[in-house]
Amino acid sequence: MGQPRHLGAGHQDHVIVHAEAIQWPSDGGERTICLAPGQEVAHNTDANDSGDAHVWAMQC
């Protein structure tokens, strides 16, 4: 996966995964996992968003 990017303060460099698609009126439901820069997950069925519900954030 290469070296993690460290963008510094004020940048959205965390990924939050939600249980459901983020489409109005849903806000994505509960957070299933949050990854900080450099963190990886090989496999986590409970955190699977089916490609629909992950967002960038500044912190977990």
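All residue numbers in this chain count up from 1 along the given sequence. Just so it is clear, the values below take in all heavy atoms, side chains as well, and ignore hydrogens, waters and symmetry mates.
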Practice task
Decide yes or no for Ile16 and His18: does some side-chain heavy atom of the first lie under 4.5 Å from some side-chain heavy atom of the second?
Solution key: yes
Handout entry: Side chain Thr32, main chain Ala19, donor-acceptor under 3.5 Å
Key = no
Handout entry: Closest heavy-atom pair and its distance - Trp56, Val15
Key = CZ3-CG2, 3.6 Å
Completion exercise
Taken to the nearest 0.5 Å, the spacing of Cys34 SG from His14 NE2 works out to 5.5 Å
Completion exercise
Rounded to the nearest 0.5 Å, the CD atom of Gln12 sits from the CD atom of Gln59 at a distance of 11.0 Å
Handout entry: Single-linkage hydrophobic cluster Met58~Val55, side-chain heavy atoms < 4.5 angstrom
Key = no
